[in-house]
Amino acid sequence: MEISVSNFIRTIVKEDVALGKYGGKVITRFPPEPNGYLHIGHAKSICLNFGLAAEFKGHCNLRFDDTNPSKEEQEYVDSIIEDVRWIGFDWGDRLYYASDYFEQLHEWAVQLIKMGKAYVCDLNVEEIRQYRGTLTVPGKESPYRNRSVEENLELFERMRKGEFPDGSKTLRAKIDMSSGNINMRDPVMYRIKHEWHHRTKNKWCIYPMYDYAHGQSDSIEGVTHSICTMEYEDHRPLYDWLLDQLSIHHPKQIEFARLNLSRTVLSKRKLLKLVNEGYVEGWNDPRMPTLAGMRRRGYTPEAIRNFCSRIGVAKKESLVDIGLLEYCVREHLNKVALRVMAVLKPLKVIITNYPDGQEEYLDAINNPEDYNAGTRKIPFSKVLYIEKDDFMETPPKQFFRLAPGREVRLRYAYFIKCESVVKDENGEIIEIHCTYDPATKGGDAPANMPDKRKVKATLHWVSAPHAITAEVRLYEHLFIKEDPNDAEEGKDFTDYINPKSLEVLKSCRLEPLLKDAKPGDRFQFERLGYFCVDTIDLTSGSPVFNRAVTLKDEWAKIQKGKKA
RNA sequence: UGGGGAGUCGUCCAACGGCAGGACGGCAGACUCUGGAUCUGCUUAUAGGGGUUCGAAUCCUCUCUCCCCAGCCA
């Protein structure tokens, strides 16, 4: 099922292997910073890195880029490990942390100082910014740039020992203050932070910057192809410079365009804001594009992996239609989800000619896509529920469900015909009276009879006395705007949050076997969509269902087209 | 306006000097005890101008448009 499309990175790697570069080996890494939960954009990177390694019989490491203790937490480390594993990849015993390399990184920094390629700078943040120049104006050299090696060595050692306050000094690479590439204007390698680190505890008070840590970490791990997103393209000259100065194993950095998905946001900063400001319930809210949210929503790893291979990899910025993700979810769930009947917005139906108190059990197919899933028995009785939307008193031409005088099939049960409608004092329909045709038992018109009548619709239903009541949560896109990042003047992405992104239905009626559904179980509610038992909430002992995605809905499309 | 990158159907991705192809979407039809699934058909694209070539999305050149970079974030 998982298709594989050629992409430029695979082409580069293939060429390198053919040329025998790096001994023909392919070693990649997935390097998240533990400062947030993983989202579908990370899944793209995970699939790329682990996929490449698998394809070329190499391996992919999981490495936490934990060089900034101010933002990073163990909770995020744990969630990331869980999510990468859930997506379906294995890093063996190669779980690494940039913080594991702090000692080596420090030694290399000392080496660069000795080579006259790095210096301790006393400029503060503001001064560094001023000396850096602008996009069009070259920078000026720091007055501390030409300190002696001895002085730099001594100062850097004292930085490490904690003799200076935060922000008072930095270690900088001595490159070129007039470079058109701002990253080369004597970038900071180390900053002072007297902070507790989730792994190294209080051992360090100086921490390496991303640019100084990343390439060397790749090098230590023997990474051959260091794949990252486009915004690091400007950093590649620095990545290369450091590795060249140090004369150590030099991986090839390759950049690709990060994923953008319509009707959602994929930046950790924005996701964090949604969480912190209560727009959603947490990182694992089923509306979130996080892997934790999608898992809770009922999306499968297979669907996500398949999505990642379908979107491809390129350098062009793009906005992928979220409909494609949903297609992938349906595609997989269609094959594996058990079908059941559930009525979300119940409308009572009385079968007037069905004997009082009688019940019978009818055969239903568990999954027409999978014969091995077998069949089950479902109860039928005089009082039923059908979906409110499946009845109209005065139906338009294209509506071919139940209406007064009209006959439809109840799935796996009988043909029923609507004889009358009962309304309350407000004119609201409270129940409908129907008759059934005993000769259509099982749902088929009697083939051997002269009567070969057909019905235009088949409805799902549940038997009222047998049904269980449960809460069902319907989710829609989190944002109403295609690209919430593209905010108008004076607005921000939160202004485009979909007010109907969550609808909670508390009195849904489900067929009885669903009372035993376990957290995480996924079903197709026939004619409605795919639903997953929530893993967190439980309402008085009965499961809560999250809608993963609707089924394709021709009738909804017709209605929508009419409105427009 | 310094540096870097990108422009191919509505969307995403292929094609790397030799008939522009796939997927999703859309439209139409077949089938159907899910208006589901499945099947069939159709639809639409190389940013623009010059050039090289028998032949250009692909090579050269000029132009236009979009994105990223001025954290002691990653």
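Computation of the quantities below employed the complete heavy-atom set of this structure, encompassing side-chain atoms and omitting hydrogens, waters and symmetry-equivalent molecules.
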#### Entry: A:Asp234 (side chain) and B:G3 (base): donor-acceptor pair under 3.5 Å
yes
### Query
So what does A:Ser6 touch, heavy atoms closer than 4.0 Å: a base, only the sugar-phosphate, or nothing?
sugar-phosphate
### Task
Considering just the side-chain nitrogens and oxygens of A:Arg258, establish if one lies under 4.0 Å of OP1 or OP2 belonging to B:C68.
no
### Query
When all nucleic acid strands are considered with a 4.0 Å heavy-atom cut-off, which category describes A:Leu123: base, sugar-phosphate, or nothing?
base
### Query
Which part of the nucleic acid, if any, lies within contact of A:Leu324, taking any heavy atom under 4.0 Å across all strands shown: a base, the sugar-phosphate backbone alone, or nothing?
sugar-phosphate
### Query
Do the side-chain N or O atoms of A:Tyr210 get closer than 4.0 angstrom to the phosphate oxygens (OP1, OP2) of B:C73?
no
### Task
Counting Watson-Crick and G-U wobble pairs only, both distances under 3.5 Å, name the nucleotide matched with B:G26, or none.
B:C42
### Task
Say whether, by atom type as modelled, one donor and one acceptor occur between the side chain of A:Glu15 and the main chain of A:Ile12 under 3.5 angstrom.
no
### Any A:Arg310 side-chain nitrogen or oxygen under 4.0 Å from OP1 or OP2 of B:C12
no
### Task
Check the side chains of A:Asn49 and A:Ser45 for a donor-acceptor pair under 3.5 angstrom, ignoring hydrogens and angles.
yes
#### Entry: Between A:Glu255 and A:Gln253: side-chain donor-acceptor atoms closer than 3.5 Å
yes
### Query
Under 4.0 angstrom, heavy atoms only, what part of the nucleic acid is A:Met184 near: base, sugar-phosphate, or nothing?
nothing
### Message
Heavy atoms only, 4.0 Å cut-off, all strands: where does A:Arg185 land among base, sugar-phosphate and nothing?
### Response
nothing
### Query
Which is true for A:Tyr190 with a 4.0 Å heavy-atom rule: it touches a base, it touches only sugar-phosphate, or it touches nothing?
nothing
### Task
Given side chain to side chain contact (heavy atoms under 4.5 Å, CB included), test A:Tyr96 with A:Ile220 step by step and report yes or no.
CA-CA 11 Å; A:Tyr96 301 133; A:Ile220 289 168; over 6 Å; no
